[in-house]
Amino acid sequence: MSIGTSLASVYDPEKVEGKWYEYWKSQNYFAPSDDFSKKHFSIVMPPPNVTGQLHLGHALDNTLQDILARWRRMQGYNTLWVPGTDHAGIATQARVEENLASEGLKRRDLGREKFLERVWEWKRLYGDRITKQLSLLGSSCDWSRERFTMDEGCSQAVREVFVNLYEKGLIYRGNYIINWCPKCMTAISDIEVEHADSDGHLWHIKYPIEDSDEFLVVATTRPETMLGDTGVAVHPGDERYSHLIGKNVVLPLMGRKIPIFEDHYVDREFGTGAVKVTPAHDPNDFDMGLRHNLEQIVVMTADASMNENAGAYAGLERQECRQQVVKDLEAGGYLVKIEEHQHAVGHCQRCDTIIEPMVSLQWFVKMKPLAEPAIQKVVDGEIRFIPERFTKTYTNWMENIRDWCISRQLWWGHRIPVWYCQDCGEVICSRENPTSCPACSSSELKQDEDVLDTWFSSALWPFSTLGWPNDSADMQHFYPTSVLVTGRDIIFFWVARMIFSGIEQTGKVPFHEVNIHGLILDGQGRKMSKSLGNGIDPIEVIEKYGADTLRFSMITGVTPGNDVRFQWDKVENTRNFSNKVWNASRFVLMNMEEFEPIKVEKDELTLADRWIISRLNLKIKEITDLLERYELGEAARGMYDFIWDEFCDWYIELAKPRLFHPANGREKAVVQTVLLDVLMGILKLLHPFMPFITEEIYQYLPGHNETIMLESWPIMDQSLVEPEAVEQMQAIMGAIRAIRNIRAEFNLSHSAPVKVIMLFKDGHGMKWFEDYGSYIKDLAKVSELQLVLELIEKPRQAVSALLSFAELYVPLEGVIDVDKEIGRLEKELKITGVDIDRAGAKLINEKFLAKAPPDVIEKEKGKIEEAMLRKEGILQRLQILRGE
RNA sequence: GGGUCGUUAACUCAGCGGGAGAGUGCUUCCCUGACACGGAAGAAGUCGUUGGUUCAAAUCCAAUACGACCCA
């Protein structure tokens, strides 16, 4: 019994995948070699958040990286793929707080230290879970180099960068307007705010002019903020208001006198063309306030209720306050009108609470000096976005960037390395924890309570994971990394920040290419989210269908950068493909008995052999080129088509007779060799996409080595590509299809033998079929095949197919319905006519003849010739049938 | 308001200057010694609309409609 027959007829990934992953890991195949003389290929994994488990987006992201890593490794690159996780400050803290809440606890009940212990516990649990999931997916990352954004090395990098930027004056602390989340109780950066259109109102309010009966009407969407108004602005030169410039209004409800001034920011078309200015609670007003030296009056507390500056409204929650203010304005006769108005409202990315813009004391990174070189490197092509269009997304954002608020009023994260002297007020920022004040020697030092934005540490990931700021071997050999693979949703959050951080800290770009992919959507095209409950756990898919299937189904036929809808149908189809690969391999293995490896001579190869070998070599080139261009979707599809259609449906079928009824032992050995070689080539090409099944099959193949992972990536051998073999095979396939078509149309049973006569126009074509007529006999179930150059009498009782190189007849005495056959031919005649007209129109067009490239003209000539021949054949055939 | 992407067969999507493709579904036949998670054959599309460039446009350009997303 051969190996093949002992294999199950249905592939079961569950029995295979875990085993090989353990093997690969134990053999250390994922780690790069110490031989740093080889060209390197390195990727750092976008670190998943330790907030929970991986979703399909991570599965896609890591599949893409694993394909690139496995492929480059096989190509001989010293390949390093660094895995790791992100502490995800605000997100993780929120999850742990939720958890605490279920025990009736708040973080302040525990205190900073105890709380952090809880978070570390959480991190261990979910960090491990993520590691497990990445393993299940087959990720060939080097676990010995696994990192975490808050491990010692990364923390050292964070500290170094902070101090560095601080010393250069690129980090500063100050009172500026920031986005405050009243639920998370922390400042957040501009990009952590999500804007959503909402139906609101536009309140028109009268502001009386000081010492006058006149008044001015302002329009606002947020009347409660008027309590903090410190000015009214109009567009410069707006004649409606020019006489009021320099005067004051008396702020209703508060009685404060505030100035009227001009500013270009004001849109004269919006509302009344006059706006109230609240510098402490609106970013635009903040800027105007700075331009015109206005007072900033914060009227809210950290939980977004009104503070003592709100006078009588102190203590009210901001929504209640709004209602009360409107009511009071109305009572006082200040309310002119209320309009329906749609406007964008900012929400916290994490908890969806409405953001309160607020002036607050925070730490910032000065962005202009960092952004400029970061834009330049991309413009210069030192960093290339794939697809290219994301370059614009990146540069547009970088060009309009504002300073980055990096302090967070959280506990989970890197604590800001700044101390304040309690005695003299000195601010100390240093690499080592200070013990005494350098100014007054006091030991009363207090560290800043805040932590850094979680993206501050992610921004350093490509070099912090390689050992920076130490001059490590990994840093020397693997930095800059080769490519960054990530989703289009974090270009701003992460990619941009890695670029400017890398350039600033290491003097080099962190990577040369950025491969951006889209998002995984649900079957209806919606983003997967917790609230919709439409998320799919990759583990569920892996358990049902296997990791290879999940990987392959997510990327097949997907355009780079485009979103992907997750379809169970497609997963199932891919499962079928896995099974196809399995069974084709099983077939090959089943027929390996008595196989001794032989050296096959070229003239021993049949047409089918030469055809499949040619096709394989062309496929090697095609797949390699596609991978080079990051067209992984097309590459996967190319493998699918080649394996299923060309290898299984044609080559294996043609191999059968030679395996089952060989003329001699040598003939069988030849076909066995070709089958094995082609299968080996297929497995290697497929391995990066489907690592598990390819390893499993590989290990059964005669002559295999340790692992398919260490096999070299195939290279096209031009000497094995024979275009004539491909052409000849195509002609024969065409004839087979024509006969099968006739069988189907005339309901000839599978077992019914048919006779076929082929009439050739010349000996060249006939020769092709003489040598390989057996293909037609075998695959079209033809009992008798006559090849002729002349027919004494063309059979009337026959069905015909007109091929470009021959006329094909299937005599069907008694079976054929002449009228039906005439109808069939007339339809074909019409199609042929269209072909002739189209090609003909081109060929009589002088401009076409003058301007089109010669090969295109030749092609058109060929088409028309071929169609004319077919037409002639059809006409003759019709004559015969009609008995004319 | 600015920007990006999409609009191709019933559905989900490839293709992106020279004869409309795949998978699923549908119709017909077939358990033919790898696979019914299979094989064979077939039906099915004025490639959103309107202009333009070109010998040639699903493919390039410009408008436009609709949908999705991003930024403000």
Side-chain angles (χ1 to χ4, degrees), chain A residues 4-5 7-11 190-191 193-195 267 283-284 344 346 387 389-390 392-393 396-397 400 488-489 491-492 518-519 521 523-527 545 549 553 556-559 561-591 631 633-634 636-638 640-641 644-645 648-649 652-653 655-656 659-660 675 736-751 778-781 834-835 838-839 841-843 845-853 855-857 859-860 862-864 866-867:
Chain A
T5 42
L7 298 176
S9 68
V10 172
Y11 174 62
D190 293 341
I191 45 178
V193 177
E194 287 178 352
H195 296 271
D267 175 5
N284 294 310
R389 69 183 134 94
F390 290 108
K392 207 170 158 190
T393 310
N396 280 352
W397 185 71
N400 298 301
R488 63 171 171 76
D489 50 334
I491 293 176
F492 305 144
L519 276 29
L521 309 174
Q524 281 100 58
R526 299 171 305 179
K527 219 165 155 171
Y545 296 98
T549 291
S553 76
T556 310
V558 170
T559 309
N562 283 14
D563 291 347
V564 188
R565 281 194 204 195
F566 181 85
Q567 302 274 121
W568 283 106
D569 269 7
K570 193 172 175 185
V571 176
E572 234 171 86
N573 171 250
T574 311
R575 185 270 317 269
N576 295 351
F577 173 65
S578 309
N579 199 236
K580 192 76 183 174
V581 172
W582 179 252
N583 274 291
S585 308
R586 207 164 66 96
F587 172 83
V588 173
L589 290 166
M590 274 175 167
N591 291 289
E631 303 263 5
E634 277 299 284
R637 185 215 301 282
Y640 181 102
D641 291 344
W644 202 313
D645 185 43
C648 292
D649 290 345
I652 286 185
E653 290 310 317
K656 281 177 182 174
L659 287 168
F660 300 153
L675 274 168
I736 291 168
R737 287 202 188 95
I739 298 164
R740 283 171 170 173
N741 179 327
I742 290 166
R743 291 191 84 101
E745 282 212 17
F746 287 85
N747 276 327
L748 300 176
S749 92
H750 181 254
S751 50
D778 292 332
L779 295 195
K781 308 282 175 197
V834 171
D835 287 349
R838 192 164 40 198
K842 283 186 185 174
L843 288 168
N845 184 340
E846 278 172 31
K847 285 181 178 168
F848 173 74
L849 293 171
K851 297 199 173 176
D855 59 308
V856 173
I857 296 173
K859 217 166 143 192
E860 289 302 321
K863 268 189 234 169
I864 203 165
E866 187 262 2

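In this text the structure is predicted, and so the values were computed from the model without any measurement. Naming convention: chains lettered A, B, ... in sequence-line order (proteins, then strands); numbering from 1 in each chain.
For the pair A:Asp855 CG and B:rA56 P, the interatomic distance rounds to 18 Å; values are reported in whole Å. Spacing between atom CZ of A:Arg488 and atom P of B:rG3 amounts to 18 Å, rounded to whole angstrom units. Between the CH2 atom of A:Trp644 and the C1' atom of B:rC35 there is a distance of 9 Å, given to the nearest Å. To the nearest angstrom, P of B:rG17 lies 14 Å from NZ of A:Lys859. One can place OH of A:Tyr11 at 17 Å from P of B:rG38, the figure rounded to the nearest angstrom. Straight-line distance from the CH2 atom of A:Trp397 to the C1' atom of B:rU4: 17 Å, rounded to whole Å.
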- Task: Go through A:Arg526 and A:Gln524 one step at a time and tell me if the side chain to side chain donor-acceptor pair (under 3.5 Å) criterion holds.
- Result: CA-CA 6 Å; A:Arg526 299 171 305 179; A:Gln524 281 100 58; 3.1 Å; yes
- Query: Under the side chain to side chain donor-acceptor pair (under 3.5 Å) criterion, do A:Asn573 and A:Asp569 qualify, and how do the steps go?
  - Reply: CA-CA 6 Å; A:Asn573 171 250; A:Asp569 269 7; over 6 Å; no
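When heavy atoms are screened at a 4.0 angstrom cut-off, A:Leu849 is found touching no nucleic acid atom at all. Within the 4.0 angstrom heavy-atom criterion, only backbone atoms of the sugar-phosphate kind lie near A:Arg389; the bases stay farther away. Using a 4.0 Å heavy-atom cutoff across all strands shown, A:Ala850 reaches no nucleic acid atom at all. Heavy atoms of A:Asp649 sit under 4.0 angstrom from primed sugar atoms or phosphate atoms, though from no base atom. Among the protein residues, A:Asn562 comes within range of the sugar-phosphate backbone only, with heavy atoms under 4.0 Å from sugar or phosphate atoms but none that close to a base. Note on A:Arg737: only backbone sugar-phosphate atoms sit closer than 4.0 angstrom, heavy atoms only; bases stay farther off. Nucleic acid contact for A:Phe492: sugar-phosphate only, since backbone atoms but no base atoms lie under 4.0 Å from a heavy atom of the residue.
Considering only side-chain N and O atoms, A:Arg565 lies under 4.0 angstrom from the phosphate OP1 or OP2 of B:rC13. A close approach under 4.0 Å does occur between a side-chain nitrogen or oxygen of A:Thr559 and OP1 or OP2 of B:rG15. A:Lys570 has no side-chain polar atom (N or O) that falls below the 4.0 Å cut-off from OP1 or OP2 of B:rG23. At least one side-chain nitrogen or oxygen of A:Asn741 sits closer than 4.0 Å to the OP1 or OP2 atom of B:rG42.
Nearest to the side-chain atoms of A:Asp569 among the listed nucleotides B:rU24, B:rU28, B:rA34 stands B:rU24. The nucleotide whose nearest atom lies closest to any side-chain atom of A:Arg838 is, among B:rA20, B:rG3, B:rG15, B:rA20. For A:Lys847, the listed nucleotide lying nearest its side chain is B:rC55; candidates were B:rU28, B:rC55, B:rG18. Ranking B:rG38, B:rU28, B:rC37 by closeness to the A:Arg575 side chain, first place goes to B:rC37. Of the candidate nucleotides B:rA72, B:rA14, B:rG23, B:rA72 has the atom lying nearest to any side-chain atom of A:Ala344. When each of B:rG23, B:rA34, B:rG18 is scored by its nearest atom to the side-chain atoms of A:Val856, the top-ranked nucleotide is B:rG18. Out of B:rA34, B:rG18, B:rU54, the shortest distance to the side chain of A:Phe660 is found at B:rA34. Closest contact between the side chain of A:Asn576 and the listed nucleotides B:rG18, B:rA20, B:rG38 involves B:rG38. Proximity note for A:Ala584 (side chain, C-beta onward) versus B:rG18, B:rG3, B:rA34: the nearest is B:rA34. When each of B:rG39, B:rU24, B:rA72 is scored by its nearest atom to the side-chain atoms of A:His195, the top-ranked nucleotide is B:rA72.
Contact between A:Leu659 and A:Leu675 at its shortest, heavy atoms only, is CD1-CD1, 3.7 Å. What you find for A:Phe660 and A:Phe587 is that their closest heavy atoms are CZ-CE1, 4.3 Å.
Between A:Lys656 and A:Asp778, no side-chain nitrogen of the basic residue sits less than 4.0 Å from a carboxylate oxygen of the acidic one, so the salt-bridge criterion is not met. Between A:Glu866 and A:Lys863 no salt bridge is recorded (no basic side-chain N to carboxylate O distance below 4.0 Å).
The strand RNA chain B forms stems, runs of 3 or more Watson-Crick or G-U wobble pairs with distances below 3.5 Å, at B:1-7 with B:65-71, B:10-13 with B:21-24, B:26-30 with B:38-42, B:48-52 with B:60-64.
A tilted orientation is assigned to the rings of A:Tyr545 and A:Trp568, their planes being inclined by 30° to 60°.
Atom P of B:rG39 sits at a distance of 23 Å from the matching atom of B:rA44, rounded to the whole Å. Rounded to a whole angstrom, the distance from the P atom of B:rU7 to that of B:rC16 is 13 Å. When the P atom is compared between B:rU59 and B:rG51, the two are found 14 Å apart, to the nearest whole Å. Distance noted for atom C1' between B:rA10 and B:rU49: 22 Å (whole Å). B:rC31 sits 43 Å from B:rG48 when the P atoms are compared, rounded to a whole Å. Only the C1' atoms considered, B:rG45 is 29 Å distant from B:rC37, to the nearest whole Å. B:rC29 and B:rA43: their C1' atoms are spaced 15 Å apart (whole Å).
The stacking criteria are not both satisfied for A:Trp582 over the base of B:rA34, which would need a centre-to-centre distance under 5.5 angstrom and an angle between ring planes under 30 degrees.
For the pair A:Ile857 and A:Leu843, the minimum side-chain heavy-atom distance is below 4.5 Å.
Evaluation of atom-type donor-acceptor distances gives a pair under 3.5 Å for the side chain of A:Glu653 against the base of B:rA34.
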